[in-house]
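What follows is a single structure, written as structure tokens, with notes after it.
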Amino acid sequence: MKIYLTAFFRKRFFLKTSFLILLIFLWLWRLNCFAQNIESICKPEISHFTRQIYNANYQNWGIARHPKTRFIYFANSRGLLEFDGSTWRVFELPQKQIVRSVAIDSLGQIYTGGLGEFGCWKPNLAGVLSYQSFVPLIHDKGFRREAVWNILPTEKGIIFQSFALLFIYRNNTVRKLELPGNILFMHNVKNRLFVGVIDKGLFELKNDRFELIKGSEFLGKESVNIILPTRTDDILVGTSKSIYRFNGKNFLPFNAETNLFVQQNQLNKGICLNNGNYAFGTILNGVIITSQSGEILMHLNTKNGLQNNTVLALTEDASGDLWVGMDKGIDLIALSSPIKFYTDFDGHIGTVYDAAIEGRIYLGTNQGVFSSVLNAGNASFQLIPKTQGQVWNLEVIDGQLLCGHNNGTFLIQGTNASQISNVTGGWVIKKLAHHPELLLQGTYTHLCVYRKGKNGSWELAHKVENFSSSVRQWEEDEKGDIWVNNAPNGLSRLKLSPDTKKVLKKEDFIGSQLKGSSVNLNKIRNQIVVTTSNGLMIFDPSQQKFILSAEFRQQIGTEIRKVFSFSQKETLAIRKDGGLCVIQAEGKTKEIPIKRNQWVDDYENIRKIDEQNFVLCTENGFAVLPGKRIFSLTETKDGNPFIRSISVEDNPDLDRIFYENRVFPELFFEHNQNSLTISFSTTNYTNQVKYSFWLENSTKNWSPYSAATHKEFNSLSPGKYIFHLKSNLSNEETQLEFEILPPWYWNFWSKVFYIFLIGCLGYTSYRFHLRRLLIQKVRMQRKLEKRMRRQEELSQKEIMQLRNERLEQDIVRKSEELANSTMTLIKKNELLLNIRQEVNKLPHESIGRLNNIGSYKQILHLIESNISTEQDLQIFETNFNQVHEEFLKKLITNYPNLTPSDLKLAAYLRMNLSTKEIAQLFNITNRSVELKRYRLRKKLDLDTEVNLGEFMMKY
């Protein structure tokens with residue numbers, strides 16, 4: 001019995017374990033199946049280039065990729081068409097022929113062919129492609145009537161061919177190969193050259209001879225359009241009706257499904273992709289992508305994205321994306337992009353606001369809830385009854401799909417919907433972390449709480465009291481408080497009662513930065529965050545307010561519209577310009593290539609639908625992002641920025657175009673060519689590339705990232721500049737150096753001349769200054785000397801004046817003395833004369849009384865001897881000469897015949913003496929004096945009218 005029970009329990013344990021393992025396996029299989037199927041119903045992004053965009057004709061007959069620059073070239077009906085990632089350029093043939101073919105060899109030499117034309121393109125000194133025709137090397141006269149439809153770079157040389165002629169160009173010589181008949185296209189496969197000959201079969205070129213491949217005669221009845229390699233030694237041979245696998249002996253059908261498609265739609269072009277798959281272009285039904293075995297993986301036509309169904313050319317670029325040249329336009333299929341799109345071209349489902357997977361795929365749109373079974377390569381979405389109208393939210397919780405609707409909340413099971421709440425506007429519904437048995441929903445008017453009913457389904461339990469507001473977003477913090485976004489009125493923090501039936505406390509945060517429709521609430525790394533117009537803000541518990549986050553600002557900047565955090569390592573952010581980026585664990589951001597104009601404005605939404613994939617809701621469908629590839633994005637070489645050209649404003653002749661990113665010529669521009677435009681690009685053709693730049697010696701900081709592919713610089717000053725450029729897809733920087741030359745009057749030699757001239761002028765000025773100083777010094781010295789002389793003259797004059805005054809005083813004194821002495825002399829003489837007269841009278845009267853006559857005579861003699869003695873006259877003359885020296889000299893000079901007696905008379909007259917006084921001085925009579933006066937007048941030759949006394953006084 002014991003053994004039996006033990007075996008029973010062992011068996012039961014084994015069954016339970018096996019069942020559990022089976023459930024886990026089924027769950028994993030289900031997830032993998034969903035992940036695979038949801039991606040399989042999506043298509044790669046297709047970029048359209050119309051003739052209005054590339055400015056050429058509709059038809060594009062051939063496509064080639066440059067191995068060095070990675071530019072794409074097209075054989076367009078207008079000419080050679082070039083695309084560098086941002087700019088399209090057209091180069092026409094000399095006779096403006098249609099370019100039917102284009103090929104580029106391993107060295108980067110571009111070859112084109114047209115009607116009666118074959119040649120190559122090389123950049124000239126300005127970087128513009130110029131054409132060199134090889135027609136003069138071709139001596140076949142029939143070539144002029146043939147169009148070159150195919151060009152093949154091979155080891156033998158460049159093979160170019162029409163449908164009737166084939167030539168090989170090598171070392172600047174052209175030789176013709178004889179064909180076994182009319183052909184369509186030659187093909188180079190694994191260094192083997194094959195050509196389909198009409199009505200004969202498949203031939204291989206060996207030693208310049210064409211050899212028929214046995215068993216290929218049936219291909220002569222079909223047009224061989226493609227020959228492709230395989231991963232084995234086999235080759236694929238495709239005609240307009242079927243594709244065959246040739247193993248060297250037999251031609252076997254490639255794949256029944258693919259052959260049926262080819263037969264119905266006429267195969268025209270095909271290429272082998274780098275991943276081993278094949279791309280086939282048809283005349284009637286677009287492009288198919290097949291596996292190596294021929295299974296159709298993808299079909300693209302005008303119904304699901306292509307511009308045109310007629311495919312004329314195919315090529316794969318360096319990123320693994322497929323370029324399609326069509327009868328009408330050019331398309332780029334982003335095969336390399338991890339993102340796939342489901343697009344509602346017919347507008348059947350409307351604008352998608354949310355998505356979910358629960359056995360089926362569900363889309364919540366502005367028209368209702370649509371669902372579809374996930375079938376590989378196909379999805380047919382049907383409206384679920386009762387859900388017509390605006391859907392805001394789809395949420396799978398505990399295996400149940402809840403729908404937040406304009407009319408309330410629905411529980412969706414399969415393709416049926418039942419309403420579980422009539423509270424309008426179910427914005428968002430999630431589990432409460434502190435009450436995992438409850439759900440909290442934000443609606444137009446209330447917060448609603450749900451719990452599971454007896455049947456295990458979610459049911460409305462109650463509305464939260466003491467709160468009435470529209471809640472589009474809410475988050476729960478570590479304390480269990482509920483943060484709600486009351487946009488556009490701000491944020492609120494709610495403290496719920498333990499039974500969640502009412503709000504116990506409400507705290508509003510209504511700062512200017514927290515208001516508006518741009519404010520979005522989220523929770524990142526257990527932090528409550530909001531996006532604002534100024535950047536990402538986090539709630540700081542210590543300050544009890546929202547602050548700008550320096551960490552997030554450094555990681556993702558300020559241009560963030562919305563953030564979606566799914567785990568510690570999975571955070572996506574939508575920029576204000578519509579770009580999508582990944583915030584990696586180390587804080588770096590990486591751009592995700594997605595169209596920026598497909599978001600639903602103000603209702604952008606990203607959902608993680610399973611462990612592998614994310615869904616982006618768009619205006620006309622959705623996109624699927626594989627998480628493993630998105631969060632491990634690395635830099636691509638295609639993201640390196642490329643400086644394409646530099647042009648001068650209003651002077652296109654000076655434009656310079658560059659084909660090598662690291663080898664730039666020396667660039668010099670004249671001083672009047674200082675308004676420049678620099679164009680740039682990348683050859684990452686599928687990503688949304690943005691650029692940042694700065695011009696050394698002109699600007700100081702890097703510019704904000706922008707999608708602009710050119711930058712204008714106006715009125716640059718003469719000098720050397722370095723233009724720095726980088727893109728958001730790569731950290732590599734590209735630099736371009738150029739110089740604005742100064743005008744001729746400000747170049748090196750002119751500066752040398754100016755320095756010399758300034759030196760000379762300075763030296764001359766210095767010398768002139770020294771001379772001026774010397775002149776000023778001399779002038780000052782002269783002025784000083786003059787002043788000193790003048791001062792001296794003044795002094796001398798003053799001295800002379802003083803001397804003259806003194807002399808005058810002396811003269812006056814002498815004159816007074818002379819006058820006094822003269823008067824004294826006169827008085828003396830007069831006295832003595834009087835005495836003599838009186839004495840003379842004495843003898844007559846008293847002569848008798850005098851006893852001694854000798855005494856009488858002695859007295860007379862004494863009187864006579866004292867009257868005007870010679871000594872008195874000498875004294876008088878001496879004094880007169882001192883007073884009137886100049887008068888006597890002048891008189892003697894002018895009248896040399898004057899006698900001393902005349903001079904003495906003249907002196908007496910000058911002294912204004914009277915005749916009597918003169919007579920006394922001369923001791924003569926008055927009559928004698930008159931006689932002397934008469935004689936003197938005669939000697940002076942004076943007129944009788946002239947007064948002799950006045951004349952002497954004035955002389």
Side-chain angles (χ1 to χ4, degrees), residues 793 796-841 863-955:
E793 288 175 359
Q796 291 293 334
K797 186 175 182 181
E798 187 174 352
I799 293 171
M800 290 298 294
Q801 185 176 0
L802 291 174
R803 182 180 296 174
N804 291 336
E805 289 178 357
R806 184 176 178 182
L807 289 174
E808 288 178 0
Q809 291 177 358
D810 290 343
I811 291 172
V812 171
R813 183 176 56 81
K814 292 288 186 180
S815 297
E816 290 178 354
E817 290 178 357
L818 178 61
N820 291 334
S821 63
T822 303
M823 292 305 297
T824 301
L825 183 61
I826 292 171
K827 291 296 182 182
K828 186 194 74 166
N829 290 337
E830 183 179 1
L831 179 60
L832 290 177
L833 288 175
N834 289 333
I835 293 173
R836 189 182 68 175
Q837 287 178 4
E838 290 299 327
V839 171
N840 286 330
K841 291 178 180 181
I863 292 170
E864 288 293 338
S865 62
N866 283 287
I867 294 175
S868 301
T869 63
E870 288 297 328
Q871 183 178 1
D872 292 334
L873 292 175
Q874 286 182 356
I875 293 172
F876 171 80
E877 186 176 353
T878 300
N879 291 333
F880 184 86
N881 288 336
Q882 289 180 356
V883 177
H884 301 287
E885 179 180 6
E886 294 297 326
F887 169 74
L888 295 175
K889 288 182 179 180
K890 186 176 180 182
L891 195 61
I892 292 172
T893 302
N894 294 328
Y895 302 99
N897 59 341
L898 295 179
T899 64
S901 178
D902 294 332
L903 293 175
K904 190 179 296 185
L905 177 60
Y908 291 155
L909 291 173
R910 183 174 181 83
M911 293 178 61
N912 198 21
L913 296 179
S914 64
T915 303
K916 183 180 178 180
E917 291 173 340
I918 296 172
Q920 290 177 357
L921 290 174
F922 276 109
N923 196 15
I924 59 175
T925 63
N926 291 338
R927 178 70 180 169
S928 298
V929 172
E930 290 298 332
L931 183 61
K932 282 184 174 289
R933 288 170 62 95
Y934 175 77
R935 291 173 181 171
L936 180 60
R937 181 182 292 274
K938 284 289 187 177
K939 290 181 179 181
L940 296 178
D941 195 18
L942 295 178
D943 294 335
T944 57
E945 291 85 5
V946 179
N947 187 285
L948 181 61
E950 291 180 359
F951 175 80
M952 291 301 173
M953 291 178 65
K954 294 179 181 179
Y955 191 77

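The shown structure was predicted, so the numbers you read here are calculated from the model rather than taken from an experiment.
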Next on the checklist: Using side-chain contact (heavy atoms from CB on, under 4.5 Å), reason through K932 and L936 one step at a time and then give a plain yes or no.
Outcome noted: CA-CA 6 Å; K932 282 184 174 289; L936 180 60; over 6 Å; no
Checklist entry - At their closest point, which heavy atom of M952 faces which heavy atom of R910, and how far apart are they? => result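 Closest approach of M952 to R910, heavy atoms only: O-NH1, 2.8 Å.
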Checklist entry - Hey, which of I892, N894, T893 is the one that makes side chain to side chain contact (heavy atoms under 4.5 Å, CB included) with K890? => result N894
Checklist entry - Are any of the side-chain heavy atoms of L898 and L940 separated by less than 4.5 Å? => result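 Yes - at least one pair of side-chain heavy atoms lies under 4.5 Å apart.
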Checklist entry - Under the salt bridge (Lys or Arg N to Asp or Glu O under 4.0 Å) test, which residues partner E930, sequence neighbours left out? => result R933
Item to check | side-chain contact (heavy atoms from CB on, under 4.5 Å) between T899 and K939, intermediate numbers included | outcome: CA-CA 10 Å; T899 64; K939 290 181 179 181; 3.5 Å; yes
